[in-house]
Colleague: 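Starting off with a structure, shown below.
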Amino acid sequence: MKFVNRSASIIVITKSDSAATAPAALDLLHESDEWATFPSNIVVDDERVETVKRLLFEHVKSPSLRHVKDPYMLLKLAKDIVKKLDRGNSPWTKWTGPREQLVESATACWIPTGDLQDHLNRMEKPKLSFSDVEQRLKAFAEERYSEYPRDELREGCLAVYEGEKTLGTEMPAIVGVLRDHIEKEEERLRQEQDEHFQQLREAEAAAAERRLLSGADCKWTPQQGTKDVYCRANGRLFRLTTTTDKRVELYRVEGLEAEKGALLGQYLRRGDATKAVAQIAYQPEFLR
């Protein structure tokens, strides 16, 4: 790396040494007053370095230090850099930036492939075949961190698409409408799933309590009206009480209503008490 006219802050990065010297160049710029603005006085003879430089400057222009250091944003930046560098060597020679951006956005939207093909061919040349578009959609869907079209959303997406198409909405706007629709539907499905799981947990808790009350052997089960949990092994009932120091005390009790019981031991975790019950339940009991 050669610094020419330090007062003018002109930096020349050559293709042979750009990888090693680019960090030093960025450090120099960071010390200058021009760091807050996109510098136009760095001369680079490698288009790849120029691409990386532009993406880095766009990232660090954020006024939020938390945003700059955010792991998710750094991952996104790394993906953007790799994508930009790979684009020049992409095997998909018919696909330019605008075409790829639209198709990538439409990957999860269930847009009819033929309609998408017609719009892409109106954008620019060369002409894309149906298979070109179909396989590019598939390739985007299979990429890591990409969105997959969900089968349960297909019918709704097609209905929204046909409605917007009838209104004369252009394809990029339809993609935006569909993505908003998918976001709302995914939130609805998530809430329904959470409610379903909650119902399953409540049903399992009710079944466990019925098993406890029936006198059958059971795992640790909460009992209404108390913070203690009970389990039964080999027909013997045990109670577990949490102490103020977060330890657990194991008692052998005669019934659920019994306030007292024989203290068998104190343990750090419930799992330790469970191991103890597995042994104690099958040992001879002495009269108390």
Side-chain angles (χ1 to χ4, degrees), residues 55 58 67 70-205 207:
L55 291 172
E58 288 177 357
H67 175 272
D70 182 78
Y72 175 81
M73 298 308 300
L74 290 174
L75 175 61
K76 181 178 181 299
L77 173 63
K79 289 170 57 182
D80 289 343
I81 291 175
V82 172
K83 184 180 297 184
K84 292 289 186 181
L85 294 180
D86 287 346
R87 181 165 293 167
N89 300 319
S90 173
W92 302 89
T93 58
K94 293 183 179 180
W95 295 85
T96 57
R99 275 181 167 177
E100 286 210 327
Q101 290 173 10
L102 180 60
V103 171
E104 185 175 13
S105 298
T107 301
C109 295
W110 288 112
I111 295 175
T113 305
D115 291 359
L116 188 57
Q117 175 197 3
D118 291 340
H119 179 80
L120 292 169
N121 282 334
R122 288 194 298 270
M123 289 175 61
E124 56 189 345
K125 294 181 179 180
K127 185 177 180 180
L128 298 169
S129 69
F130 184 91
S131 296
D132 282 331
V133 180
E134 183 181 49
Q135 294 303 313
R136 195 68 186 101
L137 283 167
K138 183 178 179 181
F140 272 126
E142 291 176 349
E143 286 184 2
R144 193 179 181 187
Y145 306 116
S146 294
E147 301 171 287
Y148 287 85
R150 300 179 59 171
D151 291 336
E152 60 268 40
L153 301 180
R154 179 173 184 172
E155 185 176 348
C157 285
L158 290 176
V160 172
Y161 174 80
E162 291 299 334
E164 293 295 332
K165 182 180 178 181
T166 302
L167 295 174
T169 308
E170 64 176 352
M171 187 63 71
I174 293 179
V175 172
V177 171
L178 284 172
R179 290 181 68 86
D180 290 342
H181 170 76
I182 290 172
E183 183 178 354
K184 293 177 182 178
E185 287 298 294
E186 287 179 338
E187 178 63 20
R188 178 183 62 81
L189 292 174
R190 187 192 63 77
Q191 292 179 356
E192 290 179 355
Q193 187 178 54
D194 289 345
E195 292 174 1
H196 176 66
F197 287 152
Q198 180 64 27
Q199 292 172 358
L200 287 179
R201 286 192 292 267
E202 292 175 354
E204 291 173 356

Colleague: Just to verify, what does Gln135 make a side-chain hydrogen bond (donor to acceptor under 3.5 Å, both in side chains) with, not counting sequence neighbours?
Modeller: none
Colleague: Which heavy atom in Val103 sits nearest to a heavy atom in Phe140, and how many Å separate them?
Modeller: CG1-CD1, 3.8 Å
Colleague: What residues, two or more places apart in sequence or in another chain, satisfy side-chain contact (heavy atoms from CB on, under 4.5 Å) together with Pro126?
Modeller: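 Lys94, Arg99.
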Colleague: For the CG atom of Asp180 and the CD atom of Glu185, what is their distance to the nearest 0.5 Å?
Modeller: 12.0 Å
Colleague: Who passes side-chain contact (heavy atoms from CB on, under 4.5 Å) against Glu192, sequence neighbours left out?
Modeller: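 Counting only residues at least two positions away or on another chain, Glu192 forms a side-chain contact (heavy atoms from CB on, under 4.5 Å) with Arg188, Leu189.
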Colleague: Can you list, pair by pair, the side-chain donor-acceptor contacts under 3.5 Å of residues 167-176, counting residues two or more places apart and other chains?
Modeller:
residue: Thr169; atom: OG1; partner: Glu164; partner atom: O; Å: 3.2
residue: Thr169; atom: OG1; partner: Glu164; partner atom: OE1; Å: 2.8

Colleague: Can you confirm whether the side chains of Glu195 and Gln199 place a donor and an acceptor under 3.5 Å from each other?
Modeller: no
Colleague: Looking at residues at least two apart in the chain, or sitting in another chain, which of them share a salt bridge (Lys or Arg N to Asp or Glu O under 4.0 Å) with Glu204?
Modeller: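 Salt bridge (Lys or Arg N to Asp or Glu O under 4.0 Å) list for Glu204, sorted by chain: empty.
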Colleague: Which pair of heavy atoms, one from Gly114 and one from Phe130, lies closest together, and at what distance?
Modeller: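 Taking Gly114 first and Phe130 second, the nearest heavy atoms are N-CE1, 3.6 Å.
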Colleague: Can you name the residues that form a salt bridge (Lys or Arg N to Asp or Glu O under 4.0 Å) with Lys184, not counting sequence neighbours?
Modeller: none
Colleague: In the structure I gave you, are the side-chain heavy atoms of His181 and Cys157 within less than 4.5 Å of one another anywhere?
Modeller: yes
Colleague: Does any part of the side chain of Leu158, heavy atoms only, come nearer than 4.5 Å to the side chain of Pro112, both counted from C-beta?
Modeller: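 A side-chain contact exists here, since the closest heavy-atom pair is under 4.5 Å.
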Colleague: For the residue pair Glu100 and Arg136, establish whether any side-chain heavy-atom pair is separated by less than 4.5 Å.
Modeller: yes
Colleague: For Asp151, give me all partners under side-chain hydrogen bond (donor to acceptor under 3.5 Å, both in side chains), at least two apart in sequence or on another chain.
Modeller: none
Colleague: Show the nearest heavy-atom pair for residues Leu178 and Tyr161, with the distance to one decimal.
Modeller: CD2-N, 4.1 Å
Colleague: Got a sec, which residues hit side-chain contact (heavy atoms from CB on, under 4.5 Å) with Gln193, two or more places apart in sequence or on another chain?
Modeller: Phe197
Colleague: Partners of Arg179 by salt bridge (Lys or Arg N to Asp or Glu O under 4.0 Å), sequence neighbours excluded?
Modeller: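 Partners of Arg179 by the salt bridge (Lys or Arg N to Asp or Glu O under 4.0 Å) criterion, ordered by chain and then number, come out as Glu147.
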Colleague: Under the side-chain hydrogen bond (donor to acceptor under 3.5 Å, both in side chains) rule, collect the residues that match up with Arg201, sequence neighbours excluded.
Modeller: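 side-chain hydrogen bond (donor to acceptor under 3.5 Å, both in side chains) list for Arg201, sorted by chain: Gln198.
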Colleague: Would you confirm whether Asn121, through its side chain, and Leu128, through its main-chain N or O, come within 3.5 Å as a donor-acceptor pair?
Modeller: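 Checking the backbone N and O of Leu128 against the side chain of Asn121, a donor-acceptor pair under 3.5 Å is found.
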Colleague: Using the test salt bridge (Lys or Arg N to Asp or Glu O under 4.0 Å), find all partners of Asp118 that sit at least two apart in sequence or belong to another chain.
Modeller: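 By the salt bridge (Lys or Arg N to Asp or Glu O under 4.0 Å) rule, Asp118 matches no residue at all.
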Colleague: Quick check: do Tyr72 and Leu77 have side-chain heavy atoms less than 4.5 Å from each other?
Modeller: no
Colleague: If the condition is side-chain hydrogen bond (donor to acceptor under 3.5 Å, both in side chains), which residues does Glu152 pass it with, not counting sequence neighbours?
Modeller: Arg150
